[in-house]
Q: 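Here it is, the structure in full.
Residue numbers start at 1 and run along the sequence shown.
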Amino acid sequence: MAFEDSTGQNPFGVIIEGWMLTPLLFVPLVIIAWQYRLRSVVLFCLFMGFLDISLTLEVAERISLEVLPGYAMIIIRTTSLFVVGFIVNRLMKTQRQQKKALTNANMRLSLHVSMMEQLATSRERNRLARELHDTLAHTLSGLAVQLEATRTVLNPAEQETHRMLQQSLT
């Protein structure tokens, strides 16, 4: 494109230099896409497109076929800014959803662990109770058998001893 103004310079030099700064536009775009909703990304891209178009209109001073490639470049840059912003915004949205799901899973896991601890404690208490009951029942049964054996070998004349044995058996 050999478009020159009355001084012999390309008036799109300012726009081309502005395009050299395009990578710097990705920094605020990524921050906006990271922190805000997609609507903010769209507004940023539209603002940058509007700014490019207004600068092009000011430099070109008229719309002609010679400036159409400049407008095409504006559309390309605005679209590329939007695509990058959209991707970053979706990635952050997905990351937030995954973080929320992970937090919920951790809460459910903590609740499950707490319930498992309570269940283990309850099972241990029941085991100890059964063991104490069985041990005590076995010991008492053994004592009853020994008392019965003692009663059979005792002299029938010892009434007081028989009464005490009967009371112990009862």
Q: Report yes if the side chains of T22 and R77 come closer than 4.5 Å at any heavy-atom pair, otherwise no.
A: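 In short, these two side chains touch, coming nearer than 4.5 Å.
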Q: Linking I/L/V/M/F/W/Y whenever their side-chain heavy atoms sit closer than 4.5 Å, directly or via other members, would L43 and W34 fall into one cluster?
A: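 Different clusters: L43 never reaches W34 through Ile, Leu, Val, Met, Phe, Trp or Tyr contacts under 4.5 Å.
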Q: Count the heavy atoms of every other residue, nucleotide or ligand shown that sit under 6.0 Å from CZ of R37, and state whether that count exceeds 12.
A: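 No, the 6.0 Å shell around CZ holds no more than 12 heavy atoms from other groups.
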Q: Rounded to the nearest 0.5 Å, what's the gap from CE on M48 to OG1 on T78? Could you check?
A: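 Here the interatomic distance stands at 8.0 Å.
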Q: How long is the span from the CG atom in L143 to the NE2 atom in H138, to the nearest 0.5 Å?
A: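 Rounded to the nearest 0.5 Å, the CG-NE2 separation comes to 10.0 Å.
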Q: Nearest 0.5 Å, please: how far is CE in M115 from CZ in R108?
A: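 R108 atom CZ to M115 atom CE measures 13.5 Å (nearest 0.5 Å).
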Q: Is Q167 atom CD crowded by more than 12 heavy atoms from other residues, nucleotides or ligands, each under 6.0 Å away?
A: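 At most 12 heavy atoms, drawn from other residues, nucleotides or ligands, come within 6.0 Å of this atom.
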Q: How many angstroms lie between CG in L136 and CD in E131, if you round to the nearest 0.5 Å?
A: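 Answer for the CG-CD pair, L136 versus E131, is 12.5 Å.
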Q: Can you find a pair of side-chain heavy atoms, one from V41 and one from Y36, that are under 4.5 Å apart?
A: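 SC-SC contact between V41 and Y36 ruled out.
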Q: Are L46 and F50 connected into the same hydrophobic cluster when the rule is that any two of I, L, V, M, F, W, Y join if their side-chain heavy atoms are below 4.5 Å apart?
A: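 Result: no, two separate clusters.
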Q: Roughly how far apart are L111 CG and N106 CG, rounded to 0.5 Å?
A: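 If we round to the nearest 0.5 Å, L111:CG and N106:CG are 12.5 Å apart.
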Q: Check this for me: Q95, atom CD, are more than 12 non-hydrogen atoms of other residues, nucleotides or ligands nearer than 6.0 Å?
A: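 Open: at most 12 neighbouring heavy atoms sit under 6.0 Å from CD of Q95.
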Q: Can you measure from CD1 (I31) to OG (S40) and round to the nearest 0.5 angstrom?
A: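 Here the interatomic distance stands at 13.5 Å.
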Q: Just wondering, more than 12 heavy atoms not from R96 lying within 6.0 Å of its CZ?
A: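 Correct, the count exceeds 12.
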Q: Is it possible for you to say whether L51 and L29 belong to one hydrophobic cluster, with membership spreading through side-chain heavy-atom contacts below 4.5 Å?
A: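 Yes, L51 connects to L29 through the hydrophobic network.
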Q: When clusters are formed by joining ILVMFWY residues with side-chain heavy atoms under 4.5 Å apart, either directly or through shared neighbours, do L25 and V42 land in the same one?
A: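 Yes, L25 connects to V42 through the hydrophobic network.
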Q: Do R90 and L38 come within less than 4.5 Å of each other through their side chains, counting heavy atoms only?
A: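 Heavy-atom side-chain distance check passes, below 4.5 Å.
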Q: What is the minimum heavy-atom distance between A33 and G85, and which atoms define it?
A: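 Answer, listing the atom of A33 first, then G85: CB-O, 3.4 Å.
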Q: Determine yes or no for a side-chain-to-main-chain donor-acceptor pair under 3.5 angstrom, with S80 supplying the side chain and I76 the backbone.
A: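 At least one qualifying donor-acceptor pair exists.
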Q: Going by salt bridge (Lys or Arg N to Asp or Glu O under 4.0 Å), name the residues that satisfy it together with E117, two or more places apart in sequence or in a different chain.
A: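 By the salt bridge (Lys or Arg N to Asp or Glu O under 4.0 Å) rule, E117 matches no residue at all.
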Q: Is the number of heavy atoms from other residues, nucleotides or ligands within 6.0 Å of CZ (R125) greater than 12?
A: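 Incorrect, the count does not exceed 12.
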Q: Are I87 and I32 connected in the hydrophobic side-chain network, where two residues link if heavy atoms are under 4.5 Å apart?
A: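 In one cluster with I87: I32, no.
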